[in-house]
Amino acid sequence: MEIKRENLIATLGGEEAVARMDSEAKADALEDFLSTELDKILLSKDPFPTVAEVEQKIPTRHYRMGVGNLFVAQAPGAKVKTLAPMPDKPTLYDFFEKRFAPANHVLQSAALAMKNGMPEEIILACLLHDTAQALMKADHGYWAAQMYTPYVPEKTAFAIKYHQALRFFPDPAFDYEYPDLYRRLFGEDYVPLPHIRADYEMLRKHPWYDAPRLVTVNDYYSFDPNAKISIDPFREIIGRHFKQPKEGLGNDNSPVAHMWRTIARPDMAL
Ligand SMILES: [Fe+2]
Ligand SMILES: [Fe+2]
């Protein structure tokens with residue numbers, strides 16, 4: 001994965017447009033291009049850090065790595081943006097468009113799952129599996145499963161919840177290797193936490209092991225600034241399997257409605 005200069009220039013409107021930009025505008029544009037901390041980490045060519053080196057970086061940041069993407073502008077000096085208002089009765093599509101966007105990672109994962117002929121419950125799990133990172137990145141699989149449990153098939157919620165644990169454990173039977181991204185994020189000598197290990201041991205004997213494993217297999221990282229991935233190919237699957245509350249997500253008084261409200265209005269002070 002690499003950034004091509006011509007791709008960056010093209011997304012900014014061409015050489016002439018770039019020539020007219022001052023350095024602050026260029027820095028903002030680059031920040032938008034590398035829209036998340038994750039993208040920057042993925043592009044790194046540095047050797048993998050140790051766990052101790054990862055910890056040493058904590059007091060160098062003005063935010064914590066586990067914070068939800070909606071809640072912090074991660075580049076030093078960057079500002080968060082005013083969010084588009086949500087409609088009165090927000091649907092899953094409104095959240096994708098106005099709060100999860102660009103959501104390229106999950107859309108690409110779902111597209112890969114569809115191409116690979118996965119069952120619809122798994123394609124839906126791939127589509128939703130990391131969307132809770134808008135709210136919270138730490139333990140994101142567990143947050144996401146909770147957020148979606150009232151609205152999706154049980155197996156989809158199971159797959160979303162446990163993809164996070166299975167990401168730490170290779171499985172040659174599925175051609176799944178431990179990701180380099182995790183060596184970079186957690187340190188090359190990182191040992192998964194006890195709850196992750198315990199869930200892995202539980203999953204190995206579980207009849208639904210394949211469900212979260214297939215999410216990890218289709219968990220797809222790519223950085224293509226020209227890729228325009230739409231949610232349209234998944235509308236039928238969403239229509240068949242996602243129980244959209246008629247009052248709108250966040251307004252249905254479900255046990256997780258507050259999670260959706262928090263994503264809808266992350267600028268509320270309290
Ligand atoms: Fe994930
Ligand atoms: Fe993912």
Side-chain angles (χ1 to χ4, degrees), residues 1 34-44 54 64-71 74 92 95-96 99-116 118-119 121-149 152 155-171 174-187 190 192-193 195-197 199-200 203 208-224 227 229 231 233-234 237 259 263:
M1 191 159 54
L34 298 168
S35 57
T36 66
E37 180 79 0
L38 184 61
D39 291 327
K40 280 176 266 179
I41 292 166
L42 283 165
L43 292 164
S44 173
V54 170
R64 297 191 188 280
M65 287 294 275
V67 71
N69 289 323
L70 276 176
F71 293 84
Q74 293 179 348
L92 181 64
F95 277 91
F96 260 86
R99 295 296 181 270
F100 302 156
N104 271 351
H105 167 63
V106 289
L107 288 164
Q108 286 180 328
S109 297
L112 184 61
M114 193 177 251
K115 188 171 145 227
N116 288 337
M118 296 290 122
E121 288 168 328
I122 301 301
I123 296 172
L124 184 61
C126 290
L127 182 68
L128 306 177
H129 77 283
D130 283 341
T131 52
Q133 291 189 25
L135 179 64
M136 184 66 75
K137 286 196 288 200
D139 251 333
H140 68 281
Y142 298 83
W143 283 89
Q146 186 178 3
M147 202 171 114
Y148 284 111
T149 289
V152 300
K155 193 178 269 191
T156 300
F158 185 91
I160 293 171
K161 180 173 185 176
Y162 293 117
H163 91 273
Q164 184 193 330
L166 289 193
R167 285 284 267 152
F168 289 96
F169 300 94
D171 185 344
F174 284 81
D175 264 344
Y176 177 79
E177 295 174 357
Y178 187 84
D180 275 354
L181 171 66
Y182 280 25
R183 293 190 174 91
R184 206 163 281 296
L185 287 175
F186 296 98
Y190 182 76
L193 290 168
H195 74 285
I196 295 287
R197 164 67 66 178
D199 279 347
Y200 171 60
L203 288 164
W208 284 1
Y209 171 84
D210 286 12
R213 175 52 77 200
L214 289 171
V215 175
T216 70
V217 168
N218 291 283
D219 205 335
Y220 182 70
Y221 284 104
S222 115
F223 190 84
D224 180 355
I229 304 158
I231 201 165
F234 311 108
I237 290 175
M259 298 172 84
I263 296 172

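All ligand and atom numbering here is 1-based and tracks the order in the structure.
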Donor-acceptor side-chain pairing of Arg167 and Tyr176 below 3.5 angstrom: yes
Proximal heteroatom of Asp130 relative to the Fe ion (ligand 1) (N/O/S): OD1
Nearest-0.5 Å distance, CG of residue Leu203 to CG of residue Asp210: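 Interatomic distance, Leu203 CG to Asp210 CG, rounded to 0.5 Å: 11.0 Å.
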Cationic N near anionic O, under 4.0 Å, Asp180 to Arg183: yes
Aromatic centroids of Phe168 and Tyr182 separated by under 6.0 Å: yes
Name, closest N/O/S atom of His105 to the Fe ion (ligand 2): NE2
Metal check, the Fe ion (ligand 1) vs Asp219 N/O/S, cut-off below 2.8 Å: no
The Fe ion (ligand 1) to nearest N/O/S of His129 less than 2.8 Å: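 Of the N, O and S atoms in His129, none lies under 2.8 Å from the Fe ion (ligand 1), which means no.
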